[in-house]
**Q** 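Got a structure here, written out as structure tokens. Questions coming.
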Amino acid sequence: MGNYSTSLLTVLLTLTGIGIFAGDTQHTIAVIGTGYVGLVTGTCFAHLGNNVICVDIDQQKINDLKKGIVGMYEPELKELIYAYYEKNLWFTTDTAEAISKADLVFIAVDTPMSDDGTAYMGYLQSALTSISKSIRKKVVICIKSTVPIGTTAYAQQLLKDSGVDSDLFDVAMNPEFLREGTAVYDFLHPDRIVIGSYSQHAADTLQKVYQPLIDKEIPCIVVDPETAETIKYASNSLLAIKISFINEIANLCEKTGACICSVAHAMGLDKRIGPYCLKHGPGFGGSCFPKDCSALLHIANTYGVTLNTLGGCMKTNEQQRLVPIKKLLSHIPDLRNKTIAVLGLAFKAGTNDIRNSCALTAIEQLRIHGAHVKAYDPVAIEPMKKIFPDIEYGTSIASTLADCDAALILTEWQEFKEVEMLAIERIMKHPLFIDACNILDEKTCCSLRAVVIDKIGKKSC
Ligand code: UGA
């Protein structure tokens, strides 16, 4: 690992658009948790010139990272890890050693959804417990994980109650706004940096570590921790609300004959609305929007506040995830003995993450209706095999579609856009596409009489 030539390294780093900072070391940072947030955060802070030690309790993951095996599919991440590993980026399972060296610690562990819809805090608690046992010199502890409002204050209390001298630590919250699939780019080109802390020292330390980005005129907002925690939940919730709204308008367009793409495009040109999260589809998924919307609803509930718009957004999303199946059933009412292709298993294009993906709902429904499922994704087949080991998986679009009665397109992968319709017409038993992402080229599709395309938010052809 780390054998890249200087010229290749320069090319790779130019991709990030932020230049090479290594050598201008500012801080020693420990990052607890090497999921996509922790690993991207640690690697990008190494890129900004810091010494970074990434920690995980999963020995296998750390062994893999040391060998250059990066479990997740995240553009540019592997190249940056290769560039900095063992220069100013290290991986370990030893929390105590990492904390003893660091002056800044980011906690980036998962806060997944519990069965009751609240955020599960067990990983954060154990991270705090192991940190508390390892603090020997002054350190800033910064929470990156998305956490319920009040957690940063709770973390401060927990460390104190564990007997850590309060002069030795300050606590802060610094939410992340990284999209999977563009996380490295998003880290290095954020719309804003949010720092929440009651400690001036913690806020100053964090501002310093983000200085290369602040120098590029990225706004840095320093607030109290409760405000920072709320900014994160409210941001994800509003983006999810936008998606549910445009999905409802798409469903209306289908009835009225309007074109959702033009509607969304024109709406997005209004600066007060903006173009982002206005793409209709089979509902939002992933590890963030569903859990964060649910957590914020629960948090508001505990304060006796009703978030009607957010509740409606989640209900709409549940219904939207069933739209592809409903459409399929409207064409083929009895799915028994039918073979249905599911194209797109990742929760969105650009990642191999299948958490809360629409394909999970679709495959489950197809099996309930007695269909034989053939699934395909350019990068997410292996994780799906762990959940559905007994369905059939294709090795290419063509092999998946062969002899199918219909296909559902659930993820907006580029290669699905390039489907060769003329060839498809010949290999499928019945060339029926439920194009939930609206990616098949309409002109080509409509010119082929045998192919039926049913899109969300548009008239079928
Ligand atoms: C989301 C936020 O966008 C990040 O800012 C945030 O940091 C992250 O959650 C997090 O909390 O960690 P991510 O889950 O990676 O990032 O994915 P998005 O690109 O936001 O998409 C989420 C879901 O919404 C996907 O299922 C996607 O297909 C869907 N979506 C997105 C739409 O249906 N329409 C859109 O216009 C945009």
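From a predicted model like this one, the values you see are computed outputs, not experimental measurements. For this chain, numbers begin at 1 and follow the sequence in order. Quick note: numbers below take in every heavy atom, side chains included, and nothing from hydrogens, waters or symmetry partners. Whatever order the structure lists ligands and atoms in, that order sets their numbers, starting from 1.
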**Q** Name the orientation class of the two ring planes belonging to Phe289 and Phe284 (parallel below 30°, tilted from 30 to 60°, perpendicular beyond 60°).
**A**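 The arrangement is perpendicular - the two ring planes meet at more than 60°.
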**Q** Would you check if there is a donor-acceptor pair between the side chains of Thr118 and Asp116 at a distance under 3.5 Å?
**A**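 Per modelled atom types, Asp116 and Thr118 side chains form a pair under 3.5 Å.
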**Q** Please identify each residue that fulfils side chain to side chain donor-acceptor pair (under 3.5 Å) with Asn63, with sequence neighbours left out.
**A**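 Partners of Asn63 by the side chain to side chain donor-acceptor pair (under 3.5 Å) criterion, ordered by chain and then number, come out as Gln59.
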**Q** Output every pair passing salt bridge (charged side-chain N to carboxylate O under 4.0 Å, His left out) with a member in residues 312-321, not counting sequence neighbours, ordered by first then second residue.
**A**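 Residue pairs with at least one partner in residues 312-321: there are none.
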**Q** Please list, by chain and number, the protein residues whose heavy atoms come under 4.0 Å of ligand 1.
**A**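 Only Tyr36, Glu176, Phe177, Leu178, Arg179, Glu180, Lys232, Asn236, Ile243, Cys277, Leu278, Lys279, Phe284, Gly285, Cys288, Phe289, Asp292, Phe347, Lys348 have heavy atoms that fall under 4.0 Å of ligand 1, ordered by chain and number.
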**Q** For the residue pair Tyr123 and Tyr120, does the interplanar ring angle fall in the parallel (under 30°), tilted (30 to 60°) or perpendicular (over 60°) class?
**A**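 If you compare the ring of Tyr123 with that of Tyr120, the planes turn out perpendicular.
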**Q** Return each pair, listed once, that meets ring-ring contact (aromatic ring centres under 6.0 Å, His included) where at least one residue sits in residues 208-231; pairs must be two or more places apart or across chains.
**A**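 Qualifying pairs: Phe45-Tyr210.
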